[in-house]
Novice: 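Below you will find the structure I want to go over with you.
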Amino acid sequence: QVQLVESGGDLVQAGGSLRLSCLASGNIFSINSMGWYRQASGKERELVATMTSGGIANYVDSVKGRFTISRDSAKKMVYLQMNSLKPDDAAVYYCNAKSVVELPISGIMRRYDELWGQGTLVTVSS
């Protein structure tokens, strides 16, 4: 079974840094894009940053220059380095993976259009 497991959320002061990690576990053959979304209290979930399998990154304007996404395809992991955190960055951050192909022991490939992690909470104090 393929799962996304996030870690790294914490309470941090404004101006501080955090690094989020997400592991895609299971018998994964390939993943197209991996990235991070966030949902603040009372708001809709929004894209934060994504990275394709080819290494092309995309960021929401509000985090450009402060956040950096990276991937380790061999380890099936994606990271989000968050610097200069602001109170507005406080949210539950969700790992996302698109076009995931699983190759289980049975040998029958299975494709997932989209997977989500459970979320990790980032709190920023002013």
Novice: Rounded to the nearest 0.5 Å, how far does CG of Asn96 lie from CD of Glu6?
Specialist: 10.0 Å
Novice: With a 4.5 Å heavy-atom cut-off, do Ser33 and Met51 have their side chains touching?
Specialist: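 Not in contact.
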Novice: Measure the spacing between OG1 of Thr50 and CD1 of Ile69 and express it to the nearest 0.5 Å.
Specialist: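 Between Thr50 OG1 and Ile69 CD1, I get 6.0 Å after rounding to 0.5 Å.
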Novice: State the OG1-CD distance between Thr123 and Gln13, to the nearest 0.5 angstrom.
Specialist: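 The CD atom of Gln13 is 13.0 Å from OG1 of Thr123, to the nearest 0.5 Å.
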Novice: Would you mind reporting whether Ser21 and Met77 have side-chain heavy atoms less than 4.5 Å apart?
Specialist: yes
Novice: So Phe67 and Leu18, do their side chains get closer than 4.5 Å, heavy atoms only?
Specialist: no
Novice: Could you tell me whether Glu46 atom CD has more than 12 heavy atoms of other residues or ligands within 6.0 Å of it?
Specialist: yes
Novice: If you draw a 6.0 Å radius around CZ in Arg110, do more than 12 non-hydrogen atoms from other residues or ligands fall strictly inside?
Specialist: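 Open.
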Novice: Any side chain to side chain donor-acceptor pair (under 3.5 Å) involving residues 75-85? Give me the pairs, sequence neighbours left out, ordered by first then second residue.
Specialist: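 Every side chain to side chain donor-acceptor pair (under 3.5 Å) pair that includes a residue of residues 75-85, provided the two are not neighbours, is Ser17-Asn83, Gln81-Asn83.
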Novice: Quick one: do the Glu102 and Tyr112 side chains pair a donor with an acceptor below 3.5 Å?
Specialist: yes
Novice: Do any pairs count as a disulfide bond (SG atoms under 2.5 Å apart) and have a residue in residues 14-124, sequence neighbours left out, and if so which ones?
Specialist: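 Every disulfide bond (SG atoms under 2.5 Å apart) pair that includes a residue of residues 14-124, provided the two are not neighbours, is Cys22-Cys95.
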Novice: Would you please test Leu47 and Asn58 for side chain to side chain contact (heavy atoms under 4.5 Å, CB included) and show each step?
Specialist: CA-CA 9 Å; Leu47 179 149; Asn58 179 48; 4.0 Å; yes
Novice: Less than 4.5 Å apart, any side-chain heavy atom of Tyr93 and any of Leu80?
Specialist: yes
Novice: Taking Val100 as the fixed residue, which of Asn32, Leu4, Asp113, Ile28 is the one that meets the side-chain contact (heavy atoms from CB on, under 4.5 Å) rule?
Specialist: Ile28
Novice: Which atom pair, heavy atoms only, marks the closest approach of Val122 to Gly9?
Specialist: CG2-CA, 4.2 Å
Novice: Just checking Gln39: does its CD atom have more than 12 heavy atoms from other residues, nucleotides or ligands closer to it than 6.0 angstrom?
Specialist: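 Counting other residues, nucleotides and ligands, CD of Gln39 exceeds 12 neighbours.
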Novice: Would you compute the distance between atom CG of Leu20 and atom OG1 of Thr120 and round it to the nearest 0.5 angstrom?
Specialist: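 Rounded to the nearest 0.5 Å, the CG-OG1 separation comes out at 6.0 Å.
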Novice: Would Leu121 and Tyr37 show up in the same hydrophobic cluster when neighbours are defined by side-chain heavy atoms closer than 4.5 Å?
Specialist: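 Yes.
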Novice: Looking at Ser126 and Pro87, what are the two nearest heavy atoms and their distance?
Specialist: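 Result for this residue pair: CB-CG, 3.9 Å.
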Novice: Output yes when Lys86 and Asp89 qualify as a salt bridge under the 4.0 Å nitrogen-oxygen rule, no when they do not.
Specialist: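 Not counted as a salt bridge, because no side-chain N and carboxylate O are separated by less than 4.0 Å.
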Novice: With clusters defined by side-chain heavy atoms of hydrophobic residues (ILVMFWY) lying less than 4.5 Å apart, directly or transitively, does Val78 cluster with Leu23?
Specialist: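 No; tracing contacts between hydrophobic side chains, which count when under 4.5 Å, never links both residues.
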Novice: Classify the ring geometry of Trp116 against Tyr94: parallel below 30°, tilted from 30° to 60°, perpendicular beyond 60°.
Specialist: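 Perpendicular.
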Novice: With rounding to the nearest 0.5 Å, note down the distance linking CZ in Arg71 to OG in Ser53.
Specialist: 6.0 Å
Novice: Any idea which heavy atoms bring Gly119 and Val92 closest together, and the distance?
Specialist: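 For Gly119 versus Val92, the nearest heavy atoms are CA-CG1, 3.8 Å.
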Novice: Between Gly107 and Leu103, what is the shortest heavy-atom contact and its length?
Specialist: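 It is O-CD1, 3.7 Å.
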